[in-house]
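Written below as structure tokens is the structure these notes are about.
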Amino acid sequence: MGLFDKLKKDRPGIEIDAGTMPQEQSEQPEALEVMRDSKVGIFTRLKNGLMKTRNSITTRIDQMLAGFGKVDEELFEELEEILITSDVGMATAGRIVEDLRLRVKRDRIADGDGVRRAIREEIAEILASEAGTMQLRTKPSVILVIGVNGVGKTTSIGKIAHMLKQEGKKVVVAAADTFRAAAIEQLEIWTNRADVPLIKHEEGSDPAAVIFDAIAAVKARGSDILIVDTAGRLHTKKNLMEELKKIYRIIARELPGADMETLLVLDATTGQNAVSQAKTFSELGGLTGLVLTKLDGTAKGGIIISIMSELNVPVKFIGVGEKIDDLQPFDPDTFVEALFGLTEL
Amino acid sequence: MAFEGLSEKLAALVKRMKGQVRVTDKDVKDMMREIKLALLEADVSFKVVKDFIATISERAIGIDVLESLTPGQQIVKIVHEELIRLMGSVPAKITYSSAPPSVYMLCGLQGAGKTTTAGKLGAVLRKDGKRPLLVACDIYRPAAVKQLQVVGGQLNIPVFEMGTGTDPVTIAQKAVAHAKSMMYDVVIIDTAGRLHIDEILMDELKRISKAVKPQEILLVVDSMTGQDAVNVAGAFNEKLGIDGIILTKMDGDTRGGAALSTKAITGKPIKYACIGEKLGDIEPFFPDRMASRILGMGDVLSLIEKAQTAYDEKSAMDLEKKIRNQTFTLDDFLEQMQQIKKMGPLQDLLGMLPGVDAKALKGMQFDEKQYGRTMAVIQSMTKRERSYPNIINASRRIRISKGSGTTVQDVNRLLKQFEDMKKMMKQFSGPNGKKMLKGLGGMKRPF
């Protein structure tokens, strides 16, 4: 479709980094990520991160609308297809288009611009279901980070720890992924970057024991927030899901009444299986938010529209790069605006 | 999911057609829409689906409504066949270089599972009689080198690394030289995860490839990938010229449409599928099984294979004889349970059956422990008790329950179950019994 070539050309953001990256990277790969781009504002980064999403969806909607002057059946079908190719999912795409159809009829929308505005409003409505701030009022409170393998849990924790530290919070991180090879070391590098203490045991030890010790450390130090990293687990593995329940139990027992955020990390590249993941993890109870990672690729992340419409769990953060501050609070309005490119950020 | 009943949906459409002389264009269009939705729900790329539908339509129009009994199923069969054809009719084998070492370069997005796969690939090639060397070229992700070292350590496969301060191209070159001098005949290079649009890192891969001339460049793809799979695979293939694909995380409940998308867009075969977290959990890729999975038809072949390895024909015949002669004892019952246990967790087995909805299974609790308890009860009986359960009186029941760590109620329940089963078996041994038994087959659960 030539979409990819188009994206390549449309990426001025990458060009800027190009000059400085190779030398720095070979010398000091770690310091680099922290330092790079720290001057660039939050909106620019969000915009860059979302540019692929926006370009692909809106360019194609534009192209389509240009090709179809009148509002007819084919237009709706095409719109549905565009949503599907953004990983929105069949059910949600169908629902959005159905709603759009009614709306077009009711409001007598007869031109492409009107249809475009209408679909943007439809999606904004779904995404704006709930505010995405973390509810951590007690001291201490807990952030439990869960998800399937390879979605970016450890990296996201590094970023969240950094963000909270910047806000002046006293953070402790628990390395409860005792399963994956070198997961503890990976987290240790991130906590060093964020400059927050890490409580860890040996690889292969009981995750619940790590959390038990971490809670003791939090109490002793008078820390504000405990962030718990967990091993990646496919939601279909019953015994691993049982292990998560045990983790829940120990936190509830050791920190009764503490506020707790359970964040499910989802990879934007994932297709319809993300819905299944979100559903199964939410069945454990206590799921309070989503973190959508890897939005800096060509993946469109449309799956969150599907998840939010089916589960009503808000997206709290989005990951838009590999740098420590490449984690943004999810703002539905900004997201939709950037997605459809109607407002320049 | 909307997808579960593709064949039912098609059957309903066909029913509507009954009485018509020919399949009309609209009929075909309706059917194709169902197939399209099904494939999209399985995450097959939209573009691939479109091409696919065009092929299927052509074949479907030729079907005679009146002649065929189940045109719906026939169309599913065509879809299935075409899926297999698209993914490569036979499993693709990995190739070795005529001048060792054979170098394999793994690449892919972040979090696809390259490092774990590197270890798994090493293990599988070692089984083939090779001496593998793993190479840590991911100098960017924190602790990636350490991770490969741990994986290598667990498998007892050596890992070549130069820390995180050396250019990956240099590491790869030195590793191949090292392999030559140390007589390693397989070199597996683990590279950093990267976005396919990251020009600098993509260029790094190109330089590694140029420097070590890999026998195969293998793209590692997460089987849960959505519509973006075509962009990713297309870009890696375009820039590097990949030779094959390895699908990971197949042990989840994803339909795995990415398999079809990546194969269709690159034309390169899928060589392996990773099916679990253990380092032995890798197997050759079977297009026919994947086609069934994408269509939600259940992995019947894997199930049959599992049953075959766990259950030989001879013991099945013995059992049949025993049932017919009514000499089936608690010992046979025990043996039966051990056979089934050998086939793996019940949940996995049921999930492979066609028509069993994975979602419905989710709510069900399979008490694997109940199995163990039942077995313990039988094992706590004397030989005589197992052959003649009638002699088990109250005091024997108390002894058995104590011996197996269960309660008398558990023992009673088992004995009742066994009696019921024997009654059922009596029916089999009647004049029509032989026929019924044949139908049951060797792997039917005895309770």
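Numbers restart at 1 for each chain; the letters A, B, ... are given by sequence-line order, proteins then strands.
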Heavy atoms only: give me the nearest Asp253(B)-Ser276(A) pair and the separation to one decimal.
OD2-OG, 2.7 Å
Given the options Glu185(A), Gln277(A), Arg233(A), Glu203(A), which has more heavy-atom pairs under 4.5 Å with chain B than any of the others?
Glu185(A)
Okay, Leu148(B) and chain A: the region with an atom under 4.5 Å from a heavy atom over there is neither
Specify the closest pair of heavy atoms between Pro142(B) and Arg193(A), including all atoms of both residues, with the distance to one decimal.
CG-NH2, 3.8 Å
Nearest heavy-atom pair of Lys294(A) and Gln110(B): which atoms, and what distance?
NZ-O, 2.7 Å
Of the backbone (N, CA, C, O) and the side chain (C-beta and beyond), which part of Gln149(B) lies under 4.5 Å from a heavy atom of chain A, both, or neither?
neither
Return the OG1 to CG distance between Thr85(A) and Asp228(B), rounded to the nearest 0.5 Å.
10.5 Å
Once rounded to the nearest 0.5 Å, what's the spacing between atom CG of Leu83(A) and atom CD of Gln227(B)?
11.5 Å
Is it the side chain or the backbone of Arg33(B) that comes within 4.5 Å of chain A heavy atoms, both, or neither?
side chain
Heavy-atom distances under 4.5 Å only: say whether Lys114(B) touches chain A with side chain, backbone, both or neither.
neither
What distance do Met224(B) atom CE and Asn149(A) atom CG have between them, rounded to the nearest 0.5 Å?
7.0 Å
Is it the side chain or the backbone of Glu188(A) that comes within 4.5 Å of chain B heavy atoms, both, or neither?
neither
Which region of Val148(A), side chain (C-beta onward) or backbone (N, CA, C, O), has a non-hydrogen atom less than 4.5 Å from a non-hydrogen atom of chain B, or is it both or neither?
side chain
Contact summary for Leu37(B) and Met90(A), nearest pair of heavy atoms
CD2-CE, 2.6 Å
If you count every heavy atom of other residues, nucleotides or ligands that lies below 6.0 Å from Asn156(B) atom CG, does the total exceed 12?
no
Mind checking the CG-OG1 spacing from Asp267(A) to Thr225(B)? Nearest 0.5 Å is all I need.
7.5 Å
So which atom in Ala181(A) and which in Val151(B) form the shortest heavy-atom distance, rounded to 0.1 Å?
CB-CG2, 4.1 Å
Should Leu109(B) and Thr269(A) count as side-chain neighbours, where that means a heavy-atom distance under 4.5 Å?
yes
Could you check whether any side-chain heavy atom of Phe179(A) comes within less than 4.5 Å of a side-chain heavy atom of Glu277(B), counting everything from C-beta outward?
yes
If I take atom CG from residue Leu195(B) and atom CG from residue Asp296(A), how far apart are they, to the nearest 0.5 angstrom?
5.0 Å
When Leu234(A), Val151(A), Asp87(A) are compared by non-hydrogen pairs under 4.5 Å with chain B, the top option
Asp87(A)
Report, as yes or no, whether the 6.0 Å neighbourhood of atom NZ on Lys174(B) holds more than 12 heavy atoms from other residues, nucleotides or ligands.
no
Of the non-hydrogen atoms in Asp251(B) and Thr236(A), which two are nearest, and what is the gap between them?
O-OG1, 3.4 Å
Is chain A contacted by the side chain of Asp203(B), its backbone, both, or neither, given a heavy-atom distance below 4.5 Å?
neither
